[in-house]
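Just so it is clear: chains get the letters A, B, ... in the order the sequence lines come, proteins before strands, and each one is counted from 1.
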Number of protein chains: 2
Amino acid sequence: MFELDLRDRRPIYEQLVDKFKQLIFSDILKQDEQLPSVRSLAQELSINPNTIQKAYRELETQGYIYSVKGKGSFVNQLAEIDNRSELEELSKQLQKLMREALFLGMTKEDLYQLIEESQSL
Amino acid sequence: MFELDLRDRRPIYEQLVDKFKQLIFSDILKQDEQLPSVRSLAQELSINPNTIQKAYRELETQGYIYSVKGKGSFVNQLAEIDNRSELEELSKQLQKLMREALFLGMTKEDLYQLIEESQSL
DNA sequence: TAACTGTACTATGTTTCTTAATACAGTTAA
DNA sequence: TTAACTGTATTAAGAAACATAGTACAGTTA
């Protein structure tokens, strides 16, 4: 289910946060679906359970999951996600990348195409 | 000309690389225009010259600037930038952010709007 | 020559990330 | 009730990345 990219210079827990968010955005992980337990995922990835927990804590802080002691961690309802400031930040990041893409030779049409492909996932 | 974002958890040299690339993409820094010297920018930002140099070295590696001993550092020609693998990576990142934006409630039209705004800079 | 430029190097300190080893509390099924 | 799961917290240690400080050398320019 998961693979760590050793070439990625970002810390492991950050990669995990990113991975899980992508799975949620893509609806591969659905609402209230259970995430792997801290210990099992740590074993599967051969890393320390503390690192998994750090990722889960971050995901919970951002509102993407909720954890229940004794039961596990689960995907949150979309409504629980704080997307006020997040959408603003996202717009900035998107514009930054779009400027870069246009500078490097992409066309508006290329960007339109990317939007279409993103939607069909 | 520059400000460091203390809230930004990324290393300083990485913020600098990002800042300069944005200035280049926005054509605020034009071809062959000279960048601030390592020492003067370090003083302006109250950070160590080594940190500036690290950023410049990274920008040079990525092809965005070139440095001449005794003269200074300058914005490179667009043609010198290796954009083969960079465009591929950019597409992936854009799609990732687009999926996130759509998940959080943005519409296709919102994304179109962002493209327009990016182009008018 | 003096004052700039980039570049290189070593040493040091700080911060962040990761691991390791426990421990405790709540849930669940045998 | 017990055993085996869950999340969570804590402390200690090591490793890696980052930033600073100080010094030095080479090339350019007025």
Item to check | Basic-acidic side-chain contact under 4.0 Å: B/Lys96, A/Asp18 | outcome: yes
Item to check | Rounded distance (Å) that lies between atom C1' of C/dT10 and atom CG of B/Asn50 | outcome: 11 Å
Checklist entry - Is there a side-chain polar atom (N or O) of B/Lys71 under 4.0 Å from OP1 or OP2 of D/dG27? => result no
Next on the checklist: With a 4.0 Å cutoff (strictly under), does any side-chain N or O of A/Tyr13 reach OP1 or OP2 of C/dT18?
Outcome noted: no
Next on the checklist: Return whichever of B/Arg9 or B/Glu60 has its heavy-atom-nearest nucleotide of DNA chain C closer to the 5' end.
Outcome noted: B/Glu60
Checklist entry - Once you round it to whole Å, what is the distance between P of C/dA21 and CZ of A/Arg39? => result 14 Å
Next on the checklist: For a quick check of understanding: with a heavy-atom distance under 4.0 Å over all strands, which category does A/Arg57 fall into, base, sugar-phosphate or nothing?
Outcome noted: nothing
Checklist entry - Atom CG of A/Leu90 and atom CG of B/Asp110: how far apart are they, to the nearest 0.5 Å? => result 11.5 Å
Checklist outcome for this item: Side-chain atoms of B/Pro11 come closest, of C/dC17, C/dT5, D/dA19, to D/dA19
Checklist entry - With the threshold set at 4.0 Å, does a side-chain nitrogen-carboxylate oxygen contact exist between A/Glu14 and B/Arg9? => result yes
Item to check | Check ion pair A/Lys108-B/Glu116 (N to O, under 4.0 angstrom) | outcome: yes
Checklist entry - Using purine N1 to pyrimidine N3 plus N6-O4 or O6-N4 for Watson-Crick, or N1-O2 and O6-N3 for G-U wobble, each under 3.5 Å, what pairs with D/dC18? => result C/dG13
Checklist entry - Between B/Ser67 and C/dG6, does any side-chain N or O lie under 4.0 Å from OP1 or OP2? => result no
Checklist entry - Is the count of non-hydrogen atoms from other residues, nucleotides or ligands lying under 6.0 Å from B/Glu109 atom CD greater than 12? => result yes
Checklist entry - Nearest-Å distance, CD1 (B/Ile52) to P (C/dT5)? => result 13 Å
Next on the checklist: What is the separation between atom CD on A/Glu58 and atom P on C/dT18, rounded to the nearest whole Å?
Outcome noted: 13 Å
Checklist outcome for this item: Answer for the Watson-Crick or wobble partner of D/dA12, both distances under 3.5 Å, is C/dT19
Item to check | Listed nucleotide nearest any side-chain atom of B/Asn48, set D/dT20, D/dA9, C/dT5 | outcome: D/dT20
Item to check | Any A/Ser73 side-chain nitrogen or oxygen under 4.0 Å from OP1 or OP2 of D/dG7 | outcome: yes
Item to check | Separation of atom CG in B/Leu6 from atom C1' in D/dA19, rounded to whole Å | outcome: 14 Å
Item to check | Listed nucleotide nearest any side-chain atom of A/Ser37, set C/dT18, C/dA8, D/dG7 | outcome: D/dG7
Next on the checklist: Rounded to whole Å, how long is the line connecting atom CD of A/Gln53 with atom P of C/dA23?
Outcome noted: 17 Å
Checklist entry - Picking from D/dA26, C/dA25, D/dA19, which would you name as closest to the side chain of A/Lys69? => result C/dA25
Checklist entry - Which of these nucleotides, C/dT7, C/dT19, C/dC17, is closest to any side-chain atom of A/Ile47? => result C/dT19
Next on the checklist: Here's a test of your reading of the structure: between A/Val68 and A/Lys54, which maps to the more 5' nucleotide of DNA chain C?
Outcome noted: A/Lys54
Checklist entry - What is the distance from CZ of B/Phe74 to C1' of D/dT28, rounded to the nearest Å? => result 10 Å
Checklist entry - Just to confirm, is there a sub-4.0 Å distance from OP1 or OP2 of D/dG7 to any side-chain nitrogen or oxygen of A/Tyr56? => result no
Checklist outcome for this item: Whole-Å distance, A/Glu14 CD to C/dC17 P, equals 7 Å
Item to check | From B/Glu80 atom CD to B/Gln31 atom CD, the distance as rounded to the nearest 0.5 Å | outcome: 9.5 Å
